[in-house]
Amino acid sequence: MSLTPATPVLQTEGLGRRFGGLHAVSNVSFNVPQGQTLGVIGPNGAGKSTFINLVTGHLKPTSGRVLIDGRDLTGARPWVIAHAGVARTFQIVKPFRGMTVRDNVAVGILYGPHGTRQMSRARTDAEEVLGEVGIAHLAERAPGELSVADARRLEFAKALALRPRLLLLDEVMAGLRSSEIEPSLELIRKLKARGITIIVVEHVMRAILAISDHVLVLHEGKVLTSGEPREVLSDPRVVEAYLGHRYAQRRGGGA
Ligand code: ADP
Ligand code: MG
């Protein structure tokens, strides 16, 4: 072990975003070390997507800083941050509807940090990425023809095409059947094994437990707690803030 710890891939310092009088994210200070998978949970409206948007430059912070590999990229444009090795998926998928699945990925490659300037080469690379996420057979389709699960895979492929060092996933398992969750987990494990640092926003708790090294809980824009996944999920404050009503509903309806 080195005495000087490596610079975290992501550092946020007092990060905040107001929308008028609403503090969507406030004072979030957090580090994500290289190669770690961070699970981010919290009830709807807790500020999870806003947090991702602040890290990726899709929203500008109203306070605090964002550092990628120690470099201050606070308020930088999304493509500048993408070129620093950061990719993300969107909670609401938004493919280019007039293009095939293959070209949706190829466009990302053309404009990405490691991109070729040749469309034919980008298409070949796109096919490789589609293969990685398991939808190579859908390359010729229009995005609108895909199932929910396959549309999420396309979203994943668009992010992976940028060959990121830091990948942020915003509810990529939402709306999936239970049998469709395992392949997503497998894919995330594979990326993790390659050393990619991953931030997973997810409501599927078994997924959070299966892949997170560390869990951060947001509540009303603030960090409620963070730590080892099982400990965090059994923290009474977390159960009350987030899981409480769901558990209560399930217990009320079941046992
Ligand atoms: P989560 O992803 O945890 O469900 P969000 O980050 O989407 O939560 O939203 C956090 C809060 O910020 C919510 O109250 C939401 O309504 C508000 N919010 C998010 N984006 C905007 C926006 N562009 N303009 C105004 N309010 C917003
Ligand atoms: Mg969200």
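First listed ligand is number 1; within each ligand, the first listed atom is number 1.
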Is the closest basic N to carboxylate O distance between E240 and R237 below 4.0 Å? no
Flag the pair I52 / L54 as yes when at least one side-chain heavy-atom distance between them is below 4.5 Å, and no otherwise. no
Decide if atom CZ of R206 counts as having more than 12 heavy atoms of other residues, nucleotides or ligands within a radius under 6.0 Å. yes
Please determine, by modelled atom types, if D170 and S49 share a side-chain donor-acceptor pair under 3.5 angstrom. yes
Protein heavy-atom partner closest to atom 8 (O) of ligand 1 - residue, atom, separation in Å: G47 N, 3.2 Å
Counting only heavy atoms closer than 4.0 Å, does ligand 1 sit against the backbone of V201, its side chain, both, or neither? neither
Check ligand 1 against N44 and write out every atom of the ligand that is under 4.0 Å from a heavy-atom position of the residue. 4 (O)
Looking only at protein heavy atoms, which one is nearest to atom 12 (O) of ligand 1, and what is the separation? A24 CB, 3.3 Å
Is a side-chain donor or acceptor of R77 paired with a backbone partner of G57 at a separation under 3.5 angstrom? no
Looking only at distances, can you tell me whether any N or O atom of A46, backbone or side chain, sits closer than 3.5 Å to an N or O atom of ligand 1? yes
Note: K192-D213 ion pair, threshold 4.0 Å (strictly below): yes
Heavy atoms only: which of G45, G20, S49, G42 is nearest to atom 10 (C) of ligand 1? G45
Does one side chain, of N53 or R17, offer a donor that lies under 3.5 Å from an acceptor on the other? no
For atom 14 (O) of ligand 1, grab the closest protein heavy atom and report residue, atom and distance to one decimal in Å. L22 CD2, 3.5 Å
So D69 and R165, salt bridge (charged side-chain N to carboxylate O under 4.0 Å, His left out) or not? Walk me through it. CA-CA 10 Å; D69 290 320; R165 299 190 50 243; 2.3 Å; yes
Could you tell me the residue and atom name of the protein heavy atom closest to atom 23 (N) of ligand 1, and the distance to it rounded to 0.1 Å? F19 CE2, 3.5 Å
With the side chain counted from C-beta on, respond yes when P183 and R153 share a heavy-atom pair under 4.5 Å apart, and no when they do not. yes
Listing by chain and number, which protein N, O or S atoms are under 2.8 Å from the Mg ion (ligand 2)? S49 OG, Q91 OE1
So F90 and H58, would you call those rings parallel, tilted or perpendicular, with 30° and 60° as cut-offs? perpendicular
Would R163 and E132 satisfy salt bridge (charged side-chain N to carboxylate O under 4.0 Å, His left out), going step by step from the backbone distance to the final call? CA-CA 12 Å; R163 300 288 172 213; E132 280 174 43; 3.4 Å; yes
Looking only at protein heavy atoms, what sits closest to atom 6 (O) of ligand 1 is T50 OG1, 2.6 Å
What do you think, any protein heavy atom under 4.0 angstrom from atom 16 (O) of ligand 1? no
